[in-house]
2 protein chains.
Amino acid sequence: MVGKVAERREARTAEIVEAAWKLAAVDGIGGFSLHGLAREVGIRQPSLYEYFDSKLALYDAMFLDGNRRLLTRLEGLDLPDDPRRAVKLLMREFVAFATEDIARQQLLFARAIPGFEPSPEAYAPAVAVLERSVELLKTAGIRAQGDVDCFTAMVGGVIAAQNSNEPGGNRWVRQLDRLIDLYLDHLPRRSR
Amino acid sequence: MVGKVAERREARTAEIVEAAWKLAAVDGIGGFSLHGLAREVGIRQPSLYEYFDSKLALYDAMFLDGNRRLLTRLEGLDLPDDPRRAVKLLMREFVAFATEDIARQQLLFARAIPGFEPSPEAYAPAVAVLERSVELLKTAGIRAQGDVDCFTAMVGGVIAAQNSNEPGGNRWVRQLDRLIDLYLDHLPRRSR
DNA sequence: GTCTATACATCGATAGAC
DNA sequence: GTCTATCGATGTATAGAC
């Protein structure tokens, strides 16, 4: 039995993390304060320490939460059998995830907080996401490490260009499908 | 006549900017303090305001300095007549510039300082760099806006992947040449 | 578990003497 | 042009009452 106390506490923790994402979207991932966060959830700043030992611990919880959400979304996809269509669908979802919340993208993929290193537990879902993607890429013909690196650089580049040059737009995102075709058609032949 | 006073002052300003880059490389582009910067050049923090009206003004000077250095380096290249080889040489230099100093890359290309907008004067050299690159890409067959966007996403992706996953290494950078070949060979055909 | 109060540090910026 | 002194704001974290 879990206990109603622990359950309530967990729900409150999740609520705080949720509010933190909201503030981070406005002030930047490193720009929101614990004072503001506490206000957002209706308590005072010192009370946050009942839930998190430090701001870095909060970042760790956010990192875990973000990666879990990503994993859930990707696992919820009904991938077609055709590898090419499956890769496109998966990457489209990944890029959508990374461009719809810049602060989240900065914490999860851009090491934007100096001194923050995710704990192994928080990192686990990220590993699962990566492994799943690599597996799928293999079925589509991208097998060599160098080919995978090229592919991840391309996808990351689309995200970075979109987020830093035209946040919320789709000028770069809409190039994703043709770039995937380009890579699947001609990248493996060029390996060595 | 310029005047020795103004000359001395300009040299001092350049010295401060130089020291700022040094600190930014250690503490991050947003992480160094004016106190530390002043110490680095042997004066006290308030004395910096003789040279810069605010920290944002300092960032503007750094932005200008960084873009000038980039422009100088690219203009110093002896580009071959062959468009493909010229593009490779130019991009190699650009990527080297962006991966050898992460803090600089963050200020110049990643909008990493909330609230900082470069002044038109500081932005001018950046425009020159971009125009030059686009011109060269045209001679190599990349003409449509969508093709240029794909290309910039790829180059930016190589830089981002290298800087955030393996700072100082070359795991992604070494893929640049084959990626350029891939794009020049097969990208234009896919436009619409 | 939440509060008030406060410690403690850092930082950007200003005032005014020299 | 550089200094000392200080302001004012912000931010993380802790102590202790309730």
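Because the structure is a prediction, the values reported are computed rather than measured. Convention: sequence-line order gives letters A, B, ...; per-chain numbering from 1.
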Geometric cation-pi criterion, A:K55 with A:F32: 6.0 Å, 45°: yes
Starting at atom CG of A:L34, determine the distance to atom C1' of C:dT10, rounded to an integer number of angstrom. 16 Å
Checking B:L89, B:L79, B:V129 against B:L74 for side chain to side chain contact (heavy atoms under 4.5 Å, CB included), the one that qualifies is B:V129
Could you point out which residue of A:L34, A:L48, A:T13 forms a side chain to side chain contact (heavy atoms under 4.5 Å, CB included) with A:L58? A:L34
When the ring planes of A:Y59 and A:F116 are compared, do they come out parallel, tilted or perpendicular, using 30° and 60° as the limits? tilted
Under a 4.0 Å heavy-atom cut-off, which of residues 37-58 of chain B touch DNA chain C? B:Q45, B:P46, B:Y49, B:S54, B:K55
What's the angle between the local helix axes at either end of the helix from C:dG1-D:dC18 to C:dC18-D:dG1, using five pairs per end and rounding to 10 degrees? 10°
Between A:E15 (CD) and C:dT2 (C1'), how many Å, whole number? 15 Å
Might you point out which heavy atoms bring B:L37 and B:A20 nearest each other, and give the distance in Å? CD1-N, 3.5 Å
For B:R8, answer base if it contacts any base atom (sugar-phosphate contacts may also be present), sugar-phosphate if it contacts only those atoms, and nothing otherwise; contact means non-hydrogen atoms under 4.0 Å. nothing
Over 12 foreign heavy atoms within 6.0 Å of CG, B:D53: no
Taking the side chain from B:R174 and the backbone from A:G146, do they hold a donor-acceptor pair closer than 3.5 Å? no
No-hydrogen, no-angle side-chain donor-acceptor test under 3.5 Å, B:Q105 and B:D101: no
Interatomic distance, B:H35 NE2 vs C:dA13 P [rounded to whole Å]: 11 Å
